[in-house]
A.B. asks: 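Below you'll find the structure I mean.
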Amino acid sequence: MAANKRLLKKEIHRICGALAGECVLAKLAIPGINRETLNGIIYQLADLQQSALRLVCVDFPGETSGYGSKKEYVAARRAYFKASYANLREHFNSRIAEILKEMNAAVPNASTPQERKAQMKHILELGFAEEEKH
């Protein structure tokens with residue numbers, strides 16, 4: 001992930017926005033997709049984004065005067081932020097994995113070549129993809 005809070009926040013916005021955009025695109029492009037499920041996923045992405053941004057914006061609760069030396073304070077502060085970052089990463093990645101599973105489950109299974117061809121034709125009609133040339 002990012003090197004500082006500002007870049008980390010931008011990455012969170014970018015990831016959640018890209019996934020929400022995929023949901024909107026899928027609602028328009030894939031016939032037979034469960035639109036209500038995708039709407040719920042978009043709301044879940046918005047909640048995930050807000051909770052992740054709250055986890056980014058943390059302050060160290062201690063003060064320099066509460067430690068024996070500046071070195072102890074810096075070590076405690078570094079350990080606190082490392083643990084906070086690990087918590088954020090675990091929370092964000094697990095929720096993204098769950099949301100991706102839900103997104104994949106919402107897509108209808110096009111198992112036959114005719115069904116896949118019909119889906120691709122629909123996508124081409126909407127102008128979202130270029131026709132493959134063989």
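Throughout, residue positions are numbered sequentially from 1 according to the sequence presented.
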A.B. asks: Would you indicate whether the side-chain heavy atoms of Cys23 and Met103 approach each other to under 4.5 Å?
C.D. replies: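 A side-chain contact exists here, since the closest heavy-atom pair is under 4.5 Å.
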A.B. asks: Does some side-chain heavy atom of Leu53 sit less than 4.5 Å from a side-chain heavy atom of His13?
C.D. replies: yes
A.B. asks: Grab the two heavy atoms, one from Phe60 and one from Ala76, that are nearest each other, plus how far apart they are.
C.D. replies: CE1-O, 3.7 Å
A.B. asks: Is the shortest heavy-atom distance from the side chain of Ile15 to the side chain of Phe92 under 4.5 Å?
C.D. replies: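 The answer is yes; the side chains approach within 4.5 Å.
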A.B. asks: For the hydrophobic clusters of this structure (ILVMFWY residues joined by side-chain heavy atoms under 4.5 Å, transitively), does one cluster hold both Leu48 and Tyr43?
C.D. replies: no
A.B. asks: Apply side chain to side chain contact (heavy atoms under 4.5 Å, CB included) to Cys57 and Lys5, showing your working.
C.D. replies: CA-CA 8 Å; Cys57 299; Lys5 283 183 181 182; 5.6 Å; no
A.B. asks: Enter the distance from Glu22:CD to Lys27:NZ here, rounded to the nearest 0.5 Å.
C.D. replies: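 Rounded to the nearest 0.5 Å, the CD-NZ separation comes out at 13.5 Å.
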A.B. asks: Nearest heavy-atom pair of Ile33 and Ala106: which atoms, and what distance?
C.D. replies: CG1-O, 3.2 Å
A.B. asks: Got a sec, which pairs hit side chain to side chain donor-acceptor pair (under 3.5 Å) with one end in residues 57-66, sequence neighbours left out?
C.D. replies: none
A.B. asks: Are Leu100 and Leu19 side-chain neighbours, meaning at least one heavy-atom pair lies under 4.5 Å?
C.D. replies: yes
A.B. asks: Any non-hydrogen side-chain atom of Asn93 less than 4.5 Å from a side-chain atom of Ile96?
C.D. replies: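 Answer no - side chains too far apart.
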A.B. asks: Other residues, nucleotides and ligands only: do more than 12 of their heavy atoms fall within 6.0 Å of CZ on Phe81?
C.D. replies: yes
A.B. asks: Taking only Lys NZ, Arg NE, NH1 and NH2, and the carboxylate oxygens of Asp or Glu, determine whether Arg95 and Glu98 approach each other closer than 4.0 Å.
C.D. replies: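 Yes, charged N to carboxylate O under 4.0 Å.
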A.B. asks: Leu88 versus Val58: any side-chain heavy-atom pair under 4.5 Å?
C.D. replies: no
A.B. asks: Measure the spacing between CD of Glu90 and OH of Tyr85 and express it to the nearest 0.5 Å.
C.D. replies: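 It comes to 13.0 Å.
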A.B. asks: If you look at every heavy atom in Gly62 and Tyr73, which pair is closest and at what distance?
C.D. replies: O-CE1, 3.9 Å
A.B. asks: Which heavy atom of Ser94 sits nearest a heavy atom of His91, and at what distance?
C.D. replies: OG-O, 3.0 Å
A.B. asks: Restricting to non-hydrogen atoms, name the atom on Ala52 and the atom on Ile12 that form the minimum distance, rounded to 0.1 Å.
C.D. replies: CB-CD1, 3.9 Å
A.B. asks: How far does CD of Glu102 sit from CG of Asn104, to the nearest 0.5 angstrom?
C.D. replies: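 Going from CD on Glu102 over to CG on Asn104, the span is 10.5 Å.
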A.B. asks: Enter the distance from Gln44:CD to Asp47:CG here, rounded to the nearest 0.5 Å.
C.D. replies: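 It comes to 8.0 Å.
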A.B. asks: Return the CG to CG distance between Asn34 and Asn39, rounded to the nearest 0.5 Å.
C.D. replies: 9.0 Å
A.B. asks: Can you tell me if Gln49 uses its side chain to pair, donor with acceptor, with the backbone of Leu45 under 3.5 Å?
C.D. replies: no
